[in-house]
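Right, one structure below, let's go through it.
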Amino acid sequence: MRELKIFLVVVVFTALVYWGVEPYAHSVMKPHVAPANFNFAEEDISFAKGIVEAKELALNEAQKNNDENQTASAQKALDLAKQNLAKDEALWASVEKINFAKGNATKGKEFFESNCFACHGLKEDGIAANITDSSLGVIPPDLSSAGVIFDEKFLAALVLNPSLALKVEHKFGDAFIMPAYNAETSGESEEVVNENIANLIAYLKEIGHKFEAKQNSEIKTEIEAKYANLENSPEKTALIEKDIIFAKDRISFIEACGRCHDMKYDGYFTPSKAEDLKNYLGSIPPDLSMMIRSRGSQYLNDFINNTQKLLPGTAMPRVGLNEDTQAKVISYIEKVGDSKKDERESLGIYIMIFFVILSIFAIAWKQSVWSKLH
């Protein structure tokens, strides 16, 4: 009976820690936020409205305390939040006016060669980049994959107002490295700007699909050659499929994150210089090899979608990936940083069963020994 009481005490305290203390600590370390939303217009406006509401509450609290300095500061923060909301609403209203269905890829190429060519390359279409180092802070991306990894409306917003779309306006403002292209900056009519953006995105999509098809073909050929000496079997097919998925995920990571972040556990290192990145962003972007273990997939999914939601003030830009590509990126990070996840989770059940059986035998053995003494 005494052993049962001790056991119950242990169970109660374990349950208290698991369902009480641990969730509380988790909520403090990783505050709850709205899940990733790939409707970027909806996400940005909702997020901006949430900030306005929070600043209004802070202002009301300051007014209740009759603190003039605090009230003035809260009013200033509220005014800024409202300005940011208005900017977000205006940006996404402009994006909604663009008719992507009428985009002309041929005209889009002409626009690219006269406007984007100064910084960006398109290797898939034989257009080499003019800037191949990180002297500007980070290597400008080759846009061969842009049309398939990014959301089209995000791309449009990125062209219209880069720092706002990437959520780094608080750090760079109008001095952001990528210039905006819109009616105000170009002097062209809104109709002409919208047509040019639709054409550009149609071109990027066309090249993106070619890039994707070429990469998939090369991956398939390379991996099939790797296992060519094995006899055909379900096991061989499974190995090939597993490696193909991993290779595709890896390419998605490199295209989306590889200009800033390392993945040392997989032998990948960013071609951008660390010192340039530090000068540009304020700190060296972290190696992501173990990020899945320290943050978890849910955190990464929400963070990539909207960096400011979980780390306000960060200089890391929102990535703007579509849902499929973001899933591939997180899958790759998980496979590199937590490759034994499935094995570990399945083993945990067996360990628990082992301890239950061990406890039964231990109690039975103890009762047997003590029965002989009494």
Side-chain angles (χ1 to χ4, degrees), residues 103-150 152 154-166 168-169 171-182 184-188 192-193 195-212 214-215 218 251-262 268-281 284-285 315-321 325:
N104 184 303
T106 301
K107 292 182 178 180
K109 181 175 182 177
E110 294 174 2
F111 181 85
F112 180 91
E113 290 177 329
S114 60
N115 291 272
C116 313
F117 175 62
C119 297
H120 300 285
L122 263 170
K123 292 180 182 178
E124 191 58 39
D125 202 26
I127 302 175
N130 285 310
I131 302 175
T132 58
D133 59 24
S134 54
S135 56
L136 295 177
V138 64
I139 298 175
D142 180 274
L143 299 180
S144 296
S145 66
V148 292
I149 69 173
F150 296 113
E152 67 177 10
F154 170 78
L155 283 176
L158 181 62
V159 174
L160 287 166
N161 192 331
S163 62
L164 188 60
L166 293 170
V168 290
E169 190 181 41
K171 178 173 176 61
F172 299 104
D174 295 332
F176 188 59
I177 188 173
M178 177 179 169
Y181 171 71
N182 51 54
E184 182 180 351
T185 60
S186 68
E188 299 169 337
V192 171
V193 168
E195 181 181 349
N196 286 337
I197 292 176
N199 292 339
L200 174 63
I201 292 175
Y203 173 56
L204 293 178
K205 282 185 174 182
E206 181 180 278
I207 299 302
H209 289 304
K210 291 180 179 179
F211 171 85
E212 188 175 49
K214 181 181 178 181
Q215 290 294 322
E218 290 178 353
I251 288 175
S252 295
F253 172 86
I254 292 173
E255 292 295 315
C257 314
R259 293 181 303 118
C260 295
H261 295 282
D262 295 335
Y268 177 80
F269 298 89
T270 176
S272 298
K273 292 182 180 179
E275 193 61 30
D276 290 336
L277 289 170
K278 183 177 180 179
N279 292 335
Y280 177 56
L281 297 171
I284 298 174
M316 177 179 163
R318 160 204 268 154
V319 187
L321 301 175
T325 303

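The first residue in the sequence is number 1, and the count goes up from there. The figures that follow rest on heavy atoms only: side chains count, while hydrogens, waters and symmetry mates do not. The shown structure was predicted, so the numbers you read here are calculated from the model rather than taken from an experiment.
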Minimum heavy-atom separation for L281 to K171, with atom names?
O-CE, 3.6 Å
Do you know which two heavy atoms are closest between L321 and F150, and how far apart they sit?
CD2-CE2, 3.7 Å
Step by step, work out the side chain to side chain contact (heavy atoms under 4.5 Å, CB included) result for Y181 and F111.
CA-CA 12 Å; Y181 171 71; F111 181 85; 3.7 Å; yes
Minimum side-chain heavy-atom gap T185-P179 below 4.5 Å
no
Distance (rounded to the nearest 0.5 Å) between S144 OG and D125 CG:
8.0 Å
Could you measure the distance from the CD1 atom of I251 to the CD atom of Q215? Nearest 0.5 Å is fine.
4.0 Å
Just by modelled atom types, is the V168 backbone N or O under 3.5 Å from a matching donor or acceptor in the S163 side chain?
no
Go through the steps for E152 and L204 under the test side chain to side chain contact (heavy atoms under 4.5 Å, CB included), then give the verdict.
CA-CA 10 Å; E152 67 177 10; L204 293 178; over 6 Å; no
Are side-chain heavy atoms of L122 and F117 found at a separation under 4.5 Å?
no
Quick check: closest heavy atoms across P271 and G258, and the distance to 0.1 Å?
CD-O, 3.5 Å
Approximate separation, where rounding is to 0.5 Å, of N130 CG and C116 SG
12.0 Å
For side chain to side chain contact (heavy atoms under 4.5 Å, CB included), just list the numbers for E195 and K107, CA-CA rounded to whole Å, side-chain angles, deciding distance to a tenth of an Å, and then say yes or no.
CA-CA 10 Å; E195 181 181 349; K107 292 182 178 180; 4.2 Å; yes
With a 4.5 Å cut-off on side-chain heavy atoms, are H120 and F112 touching?
yes
Do the side chains of L200 and V159 get nearer than 4.5 Å, heavy atoms only?
yes
Roughly how far, to the nearest 0.5 Å, is the CG atom of N196 from the CD1 atom of I201?
11.0 Å
If only atom types and distance count, is the side chain of N199 paired as donor or acceptor with the main-chain N or O of N104 below 3.5 Å?
yes
CD (E184) with more than 12 external heavy atoms under 6.0 Å
no
Spatial distance of atom CD1 (I284) from atom NE2 (H261) [nearest 0.5 Å]:
12.0 Å
Flag side-chain contact, heavy atom, 4.5 Å: L158 against M178:
yes
Scanning both residues in full, the closest heavy-atom pair of I139 with R259 reads O-NH1, 2.5 Å
Work out which heavy atom in I127 is nearest to a heavy atom in D142; give both atom names and the distance.
O-OD2, 4.5 Å
Student check: side-chain heavy atoms of I177 and Y280 closer than 4.5 Å
yes
Roughly how far, to the nearest 0.5 Å, is the CG atom of L166 from the CZ atom of F172?
9.5 Å
Using a 4.5 Å cut-off on heavy atoms from C-beta on, say whether the side chain of F211 contacts that of E255.
yes
Which heavy atom of V138 sits nearest to which heavy atom of C260, and what is that distance?
CG2-SG, 3.8 Å
Does a side-chain heavy-atom distance below 4.5 Å link L160 with V193?
yes
